[in-house]
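Side chains included, hydrogens not; waters and symmetry mates left out as well; all remaining heavy atoms used.
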Amino acid sequence: MAAVLRSIAIGFALLAVLLVVRPAAAQQISASVDADRVEVGDTFSYSLAVAVSGGAMPSDPQPGAVTGFTIVGASSSPMQMHMNMNGAASTVNSLTTTWSLRANKVGTFALGPASAIVNGSRRAASPVRVIVVPRGQGGGVRGRHSPFGGSPFDPFANSPFRGLFGIGEEPQQEALKPTADPKLNLDEERGAVAFLHAMVDKTHAVVGEQVTLNVYLYADPYARPVRVSDVHEATVNDFVKRSLIEDESRAIDLGTALVGGRIWSVKLVRKNALFPLKTGRLEIEPMSLTLAGAPSGRRQSEALHVDVTEPPVAGRPPGYAVGDVGDFALSATVSPRSVDQGGAVGVTLEIRGTGNIPEKLTLPVVRGVEWLDASSHDKLGAVESDRFGGTRTFSYVVRFREPGAVDLGEIRLPFYNADKKTYVVAHAPLGIVEVRAGATHDAGAPEPEPVLANLPAIRRTLEGRTAERFLSDRAWFWALVLGLPVACVLAISATSMLRRAREHRAERAPSPERVAKARRAEAKAACEGDDAKAALGAVVRAIVAVVSAETGVNLRGVSADTARGELRAAGVGDEATNELLAALRACEDAQFSPDGASISSVREMWARVEAVLGRIESEAQ
């Protein structure tokens, strides 16, 4: 709508041209901006207006020099008007072109001169000066310049109709300001169009203490939207991970932030509570995704580390289990409070709070009381925005075998409060249950166990002496004497035959070096073909075969950390190790990616892999 109204305004301006200039000779060309002072990252309009009477339509508008700026859009509006004044017919052709420019750096710049072809020759307007200042130091006036530079050809310069329906004025464009948390501002972008950025709220923690991982998606608001695919979550093998976002399929819009002095939109795509399982320097691997159609479309967040220790030993209460970290409260319910001997009551224990809620409780030991296996129910999730917690409920059936007033004692839960850096013990007294004396058939009272039940029966008589027998009187003795030499001969013959068979199989079986050579030939042949998927599989087999033959390390079915350690122990350098593991991961991603991979990219990968394998072979020799 604004463009249509602008064209109407230009039409009226051209009518004014005809009122003051002879139609056969009138030409007007002028350039302007809607702000002469902008901030880094702001977008403003740079316009060229050309009007000619009695000639052809102006064409081929060019902005001229725009050093220090990026053209993010352009539009042209041609217009033709036919008029008859005092019997004289005339035609006015006009062309208005507007470029949207984004300021990239601080300084004073001369734009243009913008030009266009008018009646067969190129005509240029005067250059326009623009001052670019740092963020927060703007002050340029939007809409202060007419497309006609304030000349008498602007019919709305002093008209009472100026501003009616927007005619005669450029639209107001407020400069974008960062609205997100200032902590999301970055010194430089991590990729064009969009990129991922990850942060943790702490880099030092104790076992079981919550570490909050946030992953943000930054997007250039001036770039064309792209499709996201092949999303890989951040791997956290040494943590228990719990999501703090109810629906991870929907990103949370956080507003805008400054990245390298420019405005970018920011969305929260992942928010996880991580609970360390052990001590040491624990790694949080990057989250990654692919931008379809973007340059170097693979994007991944930073790899992060958290240094984890145990809670302090000083002041640690008895019964504390390492990992029980948070802020908990404990409650108990016992019902009924009166039961017959052999009967049972229900005991419900509830832990509520935030942190790494324990998965079991230590139960009191009371004579004549039997705790049966518990059932549990959890209601856990995000509480207090950045905290993970809720309630965990345990339900027990407790059976009583002896009558009387039975005191069940209390449940104790020692835990470490990392915020207050102190140990706390939560208590839940269970109270007394009245057990009435009576039959215990329901309880199945156990019978007393016999003492020393496995002893042999009592001997009541002394047996007489048996007749003496010699070893040679037994048949098995002669079988052993005669059969032992035969068995030795057969064993020696069998061992010899087995050795010859093993040597024969070894001669027929291909050596690891021959297998590696064959796999490299297969990979080379596959890369010369057109099947990218088959070529990826051949490259993976070649890497595994050559590494196994030269170092004895089997890369199949092992994690990246395990493979890295075994290769380092085999004498393979870190650079070669990283390149091989990166190639294997790239092959895996491409094989399982919906978009697949091009045969040209596989050939380039094989060329790099073949060079690394050659270095490993030369080092092994």
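By the 4.5 Å heavy-atom criterion applied to side chains, Thr108 and Arg129 are counted as neighbours. Inter-residue side-chain proximity for Thr577 and Arg568 is flagged as unmet; no heavy-atom pair is nearer than 4.5 Å. Looking at Val228 and Arg299, their side chains never come closer than 4.5 Å, going by heavy atoms from C-beta outward. Side-chain contact between Phe239 and Leu213 is absent, with no heavy-atom pair separated by less than 4.5 Å. Side-chain atoms of Leu186 and His197, non-hydrogen and from C-beta on, do get closer than 4.5 Å to each other. Looking at Ile245 and Leu268, their side chains come closer than 4.5 Å, going by heavy atoms from C-beta outward. Two residues are said to be in side-chain contact when any heavy atoms from C-beta on lie closer than 4.5 Å; Met287 and Val231 meet this criterion. Within the 4.5 Å cutoff, the side chain of Ile71 has no heavy atoms near those of the Tyr46 side chain.
Nearest approach of Ala583 to Met605, heavy atoms of both residues: O-SD, 4.1 Å. For the residue pair Val539 and Cys587, the shortest heavy atom distance occurs at CG1-SG, 4.1 Å. When all heavy atoms of Arg262 and Asp220 are compared, the pair lying nearest together is NH2-OD2, 2.9 Å. Here the closest non-hydrogen pair linking Arg603 and Cys527 is NE-O, 2.6 Å. Residues Val602 and Ala532 approach most closely at CG2-O, 4.1 Å, considering heavy atoms. Val106 approaches Val133 most closely through the heavy-atom pair CG2-C, 4.0 Å.
The CD atom of Glu285 sits 12.0 Å away from the NE2 atom of His232 when rounded to the nearest 0.5 Å. How far OG1 of Thr235 is from CD1 of Ile284: 11.0 Å, rounded to the nearest 0.5 Å. For the atom pair Ile616 CD1 and Leu580 CG, the distance stands at 4.5 Å (nearest 0.5 Å). Note that CH2 of Trp606 is 6.0 Å distant from CG of Leu613, once rounded to the nearest 0.5 Å. The line from CG of Asp201 to CG of Asn214 is 7.5 Å long, rounded to the nearest 0.5 Å. Here the CZ-OG distance, from Phe44 to Ser100, works out to 9.5 Å after rounding to the nearest 0.5 Å.
Residue Asp187 places its CG atom among 12 or fewer non-hydrogen atoms of other residues, nucleotides or ligands, all under 6.0 Å distant. Atom NZ of Lys202 is surrounded by more than 12 heavy atoms from other residues, nucleotides or ligands within 6.0 Å.
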Evaluate Met57 against Val52 for side chain to side chain contact (heavy atoms under 4.5 Å, CB included), listing each step before the verdict.
CA-CA 8 Å; Met57 176 68 70; Val52 57; over 6 Å; no

Test log, rule side chain to side chain contact (heavy atoms under 4.5 Å, CB included), inputs Ile131 and Asp36
CA-CA 6 Å; Ile131 300 174; Asp36 58 3; over 6 Å; no

For side chain to side chain contact (heavy atoms under 4.5 Å, CB included), just list the numbers for Glu189 and Phe195, CA-CA rounded to whole Å, side-chain angles, deciding distance to a tenth of an Å, and then say yes or no.
CA-CA 8 Å; Glu189 61 190 52; Phe195 62 87; 3.8 Å; yes

Going through the checks in order, is the side chain to side chain contact (heavy atoms under 4.5 Å, CB included) test met by Asn237 and Glu283?
CA-CA 8 Å; Asn237 294 325; Glu283 182 178 7; over 6 Å; no

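The closest donor-acceptor contact from the side chain of Asn185 to the backbone of Leu258 lies under 3.5 Å. In terms of modelled atom types and a separation under 3.5 Å, the side chain of Asn272 and the main chain of Lys241 share no donor-acceptor contact. Within the 3.5 Å criterion, the main-chain N or O of Thr256 finds a donor-acceptor partner in the side chain of Thr179. Distance alone, capped at 3.5 Å, is enough to place a donor-acceptor pair between the Gln210 side chain and the Phe388 backbone. A donor-acceptor pair is defined here as one N or O able to donate and one able to accept, closer than 3.5 Å; such a pair exists between the side chain of Ser265 and the backbone of Ala219. No donor-acceptor pair under 3.5 Å is formed between the side chain of Arg242 and the backbone N or O of Ala273.
Within the structure, side-chain hydrogen bond (donor to acceptor under 3.5 Å, both in side chains) pairs that include any residue of residues 56-73 comprise Asp60-Gln62, Asp60-Arg122, Thr70-Asn104 (at least two apart or interchain).
Pro61 meets the side-chain contact (heavy atoms from CB on, under 4.5 Å) test with Leu48, Ser76, Leu95, Thr97, Trp99; sequence neighbours excluded. By the salt bridge (Lys or Arg N to Asp or Glu O under 4.0 Å) test, Glu302 is found to be paired with Arg190, residues two or more places apart in sequence or in another chain being considered.
Between Asp253 and Lys267 no salt bridge is recorded (no basic side-chain N to carboxylate O distance below 4.0 Å). Checked for salt-bridge contact, Glu233 and Arg270 meet the test: a charged N lies under 4.0 Å from a carboxylate O.
Using modelled atom types and a 3.5 Å distance limit, the side chains of His305 and Asp307 yield no donor-acceptor pair. Residues Ser600 and Ser598 bring a donor and an acceptor atom of their side chains to less than 3.5 Å of each other.
Evaluated for a side-chain contact (heavy atoms from CB on, under 4.5 Å) with Leu101, the options Leu111, Val38, Asp42 yield exactly one hit, Leu111.
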